[in-house]
S.K.: 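Input: one structure, supplied below.
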Amino acid sequence: MIDVNHLRQDLEGLKTAIARKKFECDLDSLVELDKRRRETISEAEQTRAGQKAANTEMSQLPKGSPEFLAKVAEMKELAGKVKDLEAVAKDADEQFQEAFLSVPNLPHESVPDGKGEEDNQTISAWGEVEGDFPHAVPHYDIPWFEKLIDFPRGVKVAGAGFPFYIGEMSQLVRALINFFLEEADKNGYQEVHSPIVVNAASAMATGQLPDKEGQMYVDQNEGMYLIPTAEVPVTNFFRDEILNSDELPVKRCAYTPCFRREAGSWGKDVRGLNRLHQFDKVELVKWVHPDNSFDELESLRKDAEGLLQKLGLPYRVLLICSGDIGFPHSKQYDLDVWAAGQKRWLEVSSCSNFTDFQARRANIRFRGEDGKPQPVHTLNGSALAIPRVLAAILENNLDSEGRVKVPDCLRTWFDKDFLSG
RNA sequence: GGAGAGGUGGCAGAGUGGUCGAAUGUGCCUGACUCGAAAUCAGGUGUGCCGUAAGGUACCGGGGGUUCGAAUCCCUCCCUCUCCGCCA
């Protein structure tokens, strides 16, 4: 959630900022709800103060004395009034809070205006894309593909979108995970191994609930959610905590499987490894001082880019426009890898600054220079999502003999020159 | 899963219906003493919300209830510990 002072002190500025995003919310009625909330709280608390004062008096009187009994009778009415007013205030507060949760984060001034995907800006690119892949085919058309990635048996055992990776392919997945984690370590991210289920409070804090409930797998019995990204458990590590300012920035990385129901998006671009219900990913998360969160976003993005460069995979960097940016994001970059066989870009990373938006929901603060707690800024980025990186390696590195050249940077964990089924 | 015990401020730990946001100890900060440190002494030291402020109000695991009044009584959920069972 945003700072409520935006609503109280700069309503027009807030309207302008939100209008740049595609999300709609009725700020005028929100202002009314805020006003009513404050009035009802004030009234209930004043009445309650009267009750407390009377109770202090009563505690001095002898119990059971006529004065005492008279006071009890008198106070009954006030007690009922307090109860009623507190209920009204609580109701008004909840109404406001609920509506306030639907206000999106404000886009940063450096985020370009735009209606949707088509207005995202390509701000840089790396590697050759045209004419450099004479033997490329879509990864799912490589003759031996189905020997190493078994979709039908995944369907039998679990369902569509849950493939088995077999033998050398499984080892290659493991090599990618290790490579990503080691590079993150070199860049100063402390590795954590996290739960891959979370409770409702955690999913609420990072914004998966209430809006995106349908995208997660749920265990109804336990009230648990399979994580759609390590962002959720890792960010929640510091939920309801106050950090020391000299601890900032905190940088963490985690490898986890990720689970997404992909409700609504199934049927489009789903062949092979392009879109799965379960996939592996290494995620980078930062908790930083508000003063330098946008610098931290740049370095986060460079950390993710470094992986694609070492793998030798061409990619482009998209600066996401105001109309395509997510609800909690202030600024977002996507990294798209070039898949030469399919001749299309595959998104393998999304690097975002949430400013204080997530931190307010998750109640993650630090003690500022004045000693008062204030929200940190949180950032995260994929580094990287495995299956699409794998797809690009398979397609781009296919040679004339139908073999796939394994990137040199993976040799520590996968000691073969080629993958050939 | 069964039986029992328990969840209070950074930590430890009192408090079983009223003057308790909460004793005491400890930790931390400031000051005094000291060449400096230790020790000692004095003061300070939670968070949210309402309020321009003064101040008010809420919070003793979460939620609900009883009462004029709840950290304290009742219900319920969660969690921790001990023992038993089961198990990677």
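Everything numeric here is computed off the predicted structure, so don't read it as measured data. Below, chain A is the first sequence line, B the second, and so on; all start at residue 1.
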S.K.: With nearest nucleotides of RNA chain B determined for A:K71 and A:G371 from heavy-atom distances, which residue corresponds to the more 5′ nucleotide?
M.R.: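 Its nucleotide being nearer the 5' end, the pick is A:G371.
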S.K.: Could you give the distance separating B:rA58 and B:rA3 at their C1' atoms, to the nearest angstrom?
M.R.: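 Straight-line distance between the two C1' atoms is 38 Å.
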S.K.: Will you find, in the side chains of A:Q332 and A:D334, an N or O donor that is under 3.5 Å from an N or O acceptor?
M.R.: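 Yes.
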S.K.: If you measure from the P atom in B:rU30 to the same atom in B:rC78, how many Å do you get, rounded?
M.R.: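 Taking atom P in both B:rU30 and B:rC78, they lie 46 Å apart.
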S.K.: With rounding to whole Å, what would you report as the distance between B:rG46 and B:rA54 at their P atoms?
M.R.: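 It works out to 16 Å between them.
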S.K.: If you look at every strand shown and take non-hydrogen atoms under 4.0 Å, does A:K81 touch a base, only sugar-phosphate, or nothing?
M.R.: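 Nothing, no heavy atom under 4.0 Å.
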S.K.: Mind checking the C1' distance from B:rA5 to B:rG55? Whole angstroms is fine.
M.R.: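 Pairwise C1' distance, B:rA5 against B:rG55, rounds to 43 Å.
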S.K.: Taking A:R301 first and then A:E305, would you say they form a salt bridge - that is, a charged N and a carboxylate O separated by under 4.0 Å?
M.R.: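 Between A:E305 and A:R301 there is a salt bridge, with a charged N closer than 4.0 Å to a carboxylate O.
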S.K.: Apply side chain to side chain contact (heavy atoms under 4.5 Å, CB included) to A:A200 and list each qualifying residue two or more places apart in sequence or on a separate chain.
M.R.: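 Counting only residues at least two positions away or on another chain, A:A200 forms a side chain to side chain contact (heavy atoms under 4.5 Å, CB included) with A:L209, A:Y225.
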S.K.: Can you list every side-chain hydrogen bond (donor to acceptor under 3.5 Å, both in side chains) pair that touches residues 242-254 of chain A, not counting sequence neighbours?
M.R.: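 Sorted result for residues 242-254 of chain A: A:Q190-A:R252.
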S.K.: Excluding sequence neighbours, so at least two apart, what forms salt bridge (Lys or Arg N to Asp or Glu O under 4.0 Å) with A:D141?
M.R.: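 If we apply the salt bridge (Lys or Arg N to Asp or Glu O under 4.0 Å) test to A:D141, skipping adjacent residues, the hits are A:R271.
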S.K.: When the C1' atoms of B:rG15 and B:rA71 are considered, how many whole Å apart are they?
M.R.: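 Going atom to atom, C1' in each nucleotide, I get 8 Å.
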S.K.: So what does A:R8 hit on the nucleic acid, given a heavy-atom distance under 4.0 Å: a base, only sugar-phosphate, or nothing?
M.R.: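 It contacts sugar-phosphate atoms only.
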S.K.: Heavy atom of residues 25-45 of chain A under 4.0 Å from RNA chain B: which residues?
M.R.: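 Contacts with RNA chain B under 4.0 Å: A:R37, A:R38, A:I41, A:S42, A:E45.
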S.K.: Expressed in whole Å, how much space separates the P atoms belonging to B:rC79 and B:rG62?
M.R.: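 Rounded to whole Å, the distance is 15 Å.
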S.K.: Tell me every residue that passes side chain to side chain contact (heavy atoms under 4.5 Å, CB included) with A:R344, counting only those two or more places apart in sequence or in another chain.
M.R.: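 A:R344 satisfies side chain to side chain contact (heavy atoms under 4.5 Å, CB included) with A:D269, A:N274, A:Q342, A:L346 only.
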S.K.: Please list, chain by chain and in numerical order, all residues satisfying side chain to side chain contact (heavy atoms under 4.5 Å, CB included) with A:T229, sequence neighbours excluded.
M.R.: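 A:T229 satisfies side chain to side chain contact (heavy atoms under 4.5 Å, CB included) with A:E231, A:V232, A:R260, A:K281, A:E283 only.
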S.K.: Check RNA chain B for consecutive Watson-Crick or G-U pairs with both distances under 3.5 Å and list the runs of at least three as stems.
M.R.: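 Runs of three or more consecutive pairs: B:1-7 with B:78-84, B:10-12 with B:24-26, B:27-32 with B:40-45, B:46-50 with B:55-59, B:61-65 with B:73-77.
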S.K.: Using the P atom on both, measure B:rC60 against B:rC73 and round to a whole Å.
M.R.: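 To the nearest whole Å, 14 Å.
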S.K.: Go through the structure and list residues passing side chain to side chain contact (heavy atoms under 4.5 Å, CB included) with A:N199, not counting sequence neighbours.
M.R.: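 Residues passing side chain to side chain contact (heavy atoms under 4.5 Å, CB included) with A:N199: A:A201, A:S202, A:R239.
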S.K.: Heavy atoms only, 4.0 Å cut-off, all strands: where does A:K52 land among base, sugar-phosphate and nothing?
M.R.: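 A:K52: backbone/sugar contact only, no base atoms under 4.0 Å.
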S.K.: Under 4.0 Å between any heavy atoms, over every strand shown, what does A:K372 touch: base, sugar-phosphate, or nothing? Just pick one.
M.R.: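 Since no nucleic acid heavy atom lies under 4.0 Å of A:K372, the category is nothing.
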S.K.: Mind running ring pair (Phe, Tyr, Trp, His ring centres under 6.0 Å) on A:F294 and A:H108 for me, showing each step along the way?
M.R.: CA-CA 9 Å; A:F294 286 94; A:H108 189 249; 3.7 Å; yes
S.K.: Heavy atoms of chain A, cut-off under 4.0 Å: which first and last nucleotide of RNA chain B, 5' to 3', fall inside that, if you could look?
M.R.: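 Terminal contacting nucleotides, 5' to 3': B:rG18 to B:rG69.
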S.K.: Can you list the residues that meet the side chain to side chain donor-acceptor pair (under 3.5 Å) rule with A:D240, with sequence neighbours excluded?
M.R.: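 Once residues adjacent in sequence are excluded, the partners of A:D240 under the side chain to side chain donor-acceptor pair (under 3.5 Å) criterion are A:N363.
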S.K.: Start at the 5' end of RNA chain B and walk down; is the nucleotide closest to A:K76 or to A:E86 reached first?
M.R.: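 The 5'-side residue here is A:E86.
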S.K.: With sequence neighbours excluded, what pairs up with A:D26 under the salt bridge (Lys or Arg N to Asp or Glu O under 4.0 Å) test?
M.R.: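 A:D26 satisfies salt bridge (Lys or Arg N to Asp or Glu O under 4.0 Å) with no residue once adjacent residues are dropped.
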S.K.: Using a 4.0 Å heavy-atom cut-off across all strands, classify A:E77 as base, sugar-phosphate, or nothing.
M.R.: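 Nothing, no heavy atom under 4.0 Å.
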S.K.: Taking atom P in both B:rG56 and B:rG21, what distance in whole Å separates the two?
M.R.: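 Roughly 12 Å separates the two P atoms.
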S.K.: According to side chain to side chain donor-acceptor pair (under 3.5 Å), who are the partners of A:D399, at least two apart in sequence or on a separate chain?
M.R.: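 Applying side chain to side chain donor-acceptor pair (under 3.5 Å) to A:D399 gives A:R403.
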